[in-house]
Protein chains: 2
Amino acid sequence: MINRSYAILGTGALGGFYGARLQQAGLDVHFLLRSDYEYVKQHGLVVESPEGNFTLPQVHAYKNVDQMPNCDVIVVALKTTQNYLLPELLPHFKNPNSIFLVLQNGLGIEPKVAEIVGNKLVMGGLCFLCSNKVGAGHIRHLDYGTITLGEYSAHYQPSGISDRLREIANDFESAGIPIVISEDLLLARWKKLVWNIPYNGLSVVLDARTDELMVNADTRILVEKLMWEVVAGAKSCDRTIPDDFIPKMLDYTDKMKPYRTSMKLDYDRKQRLEVEAIFGNPLQMAEQSGVNLPLIDMLYRQLKFLDVRECK
Amino acid sequence: MINRSYAILGTGALGGFYGARLQQAGLDVHFLLRSDYEYVKQHGLVVESPEGNFTLPQVHAYKNVDQMPNCDVIVVALKTTQNYLLPELLPHFKNPNSIFLVLQNGLGIEPKVAEIVGNKLVMGGLCFLCSNKVGAGHIRHLDYGTITLGEYSAHYQPSGISDRLREIANDFESAGIPIVISEDLLLARWKKLVWNIPYNGLSVVLDARTDELMVNADTRILVEKLMWEVVAGAKSCDRTIPDDFIPKMLDYTDKMKPYRTSMKLDYDRKQRLEVEAIFGNPLQMAEQSGVNLPLIDMLYRQLKFLDVRECK
């Protein structure tokens, strides 16, 4: 096995967790940091996890992308609200064989990455992860961690499963991260939105946990209507989400512990909301096929109003 | 001029104001009260108003409808959230010539009143009034006061202008209340909803004043989309609101002072919201004609969620 090198752009709850696990598994990992740089440079990373706590007393920490080596895999682990940095960060990695792996929410980011990096390979990953950054270089992994990986090709055409995708999957699996491989990244992203759009959106607008939204008859109906609009959005991109997926998602959420969504956590911390990746881009993609999603559009505009007001 | 007698059911910011003005003009007015009964019985009513402060040291106050005389005009001035009391209150007034005047928000109340009072005359009034109850028997009138009056006939068929409508209009005008007479009560109610639905609804869900909703590009678009749905709702009842009405309402709101809507005031005081009269009934009326109003429906469900949670 070749010891691939990884650049982690964004060492937060997500990038910090996956990067630390890869380094712990023996891979060569390089972390880009901003506010935590000095601390992590000196003290490394700490990960608490129900799967085992561990410390990495020494990590390759960088404050500036220009000092980073030409890694094999560049993991985009920023919040999508930081994506305005990508045109400045990504061109640094000039190795023609570099692979760019987008571990972000929502959809529509891979095409933008592909535009920046030219004809290099772009992949996307959907992370099903509960993790928080609780201090500088200190990550608390709460639950889950599976990544659904898929290769991106122009306009999200389904692109099969290449050897290089399998190799990256193997790296993550060697670090104890469960991997699901998808031949159709766009379908995988739309399916994840079936959950993310109603619960993230309504949890912020109505200041509510998932269980509150499920118990009230009106919001439960709204959740379901929003889910059907996501299915219509997928359909507008020629992707079919089967009809039984929605009752499954509702049932799954009924059984979850009362949960504050990630967007609600961001909102309560007065951080920018990932409205464009999770709402704006899907709306735009559907609109390009002439399909309106009126309820999602309404939720999107309500969120933008709240986002702008809270994060001036 | 016959000195008509008026029963005011609900002596709050609205009923107290109009009733006091009618009494001040020499009409025979009888007030139904609940919590303020003892105080008002002893001290009467106080009205502060930019049009002149006045005191009525003595009023006919009642705690129980059974003690009220058989008035000529019975004014329903409760909040619509109290309308579950109507089947108990209205049958007391047995005079076959009594007129029932509904001074409430939204639509769909007159048919219910007509059902209770049988073939007696029912009228509706839309009050354009800024007024607060600031203490027991103490009303602070802030601005406006015009009432648009219309006669109700079965299924809101337009019913022209009867002499009895004119007589009531004259009574109010003699009390200094500007009156607009409408030949089509349902059209008048739908037109008022063009303003009430977007601003009342969004002000509660987004915790926002009218000016905030107008300045933000996203909520301004939402306001306008909701207004167009109200126009579609009116259309489903064969009522035409002219196209230039919406730009006029937007322009009018742009020029208003920053304003907390009445529903937002109710919400902040943890009072029940008038969701059924302002949202539920119009939605139902449109649905009976096979017309869906998806954005209004979404706002309605969001409001019901908040209403139930805040007013347990």
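Here is how names work: the chains are called A, B, and so on, in the same order as the sequence lines, proteins then strands, and each is numbered from 1.
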Got a sec: does the NZ of A/Lys235 have more than 12 other heavy atoms crowding it under 6.0 Å? no
Roughly how far apart are B/Met298 CE and A/Asp297 CG, rounded to 0.5 Å? 9.5 Å
CZ on B/Arg301 to CG on A/Leu206, rounded to 0.5 Å: 13.0 Å
Trace of the side chain to side chain contact (heavy atoms under 4.5 Å, CB included) decision for B/Asn216 with A/Arg309: CA-CA 9 Å; B/Asn216 178 284; A/Arg309 184 170 63 185; over 6 Å; no
Between chain B and each of A/Leu306, A/Ile221, A/Leu213, A/Leu202, count heavy-atom pairs under 4.5 Å; write down the option with the most. A/Ile221
Most contacts with chain B, counted as non-hydrogen pairs under 4.5 angstrom, among A/Leu222, A/Leu299, A/Leu226: A/Leu222
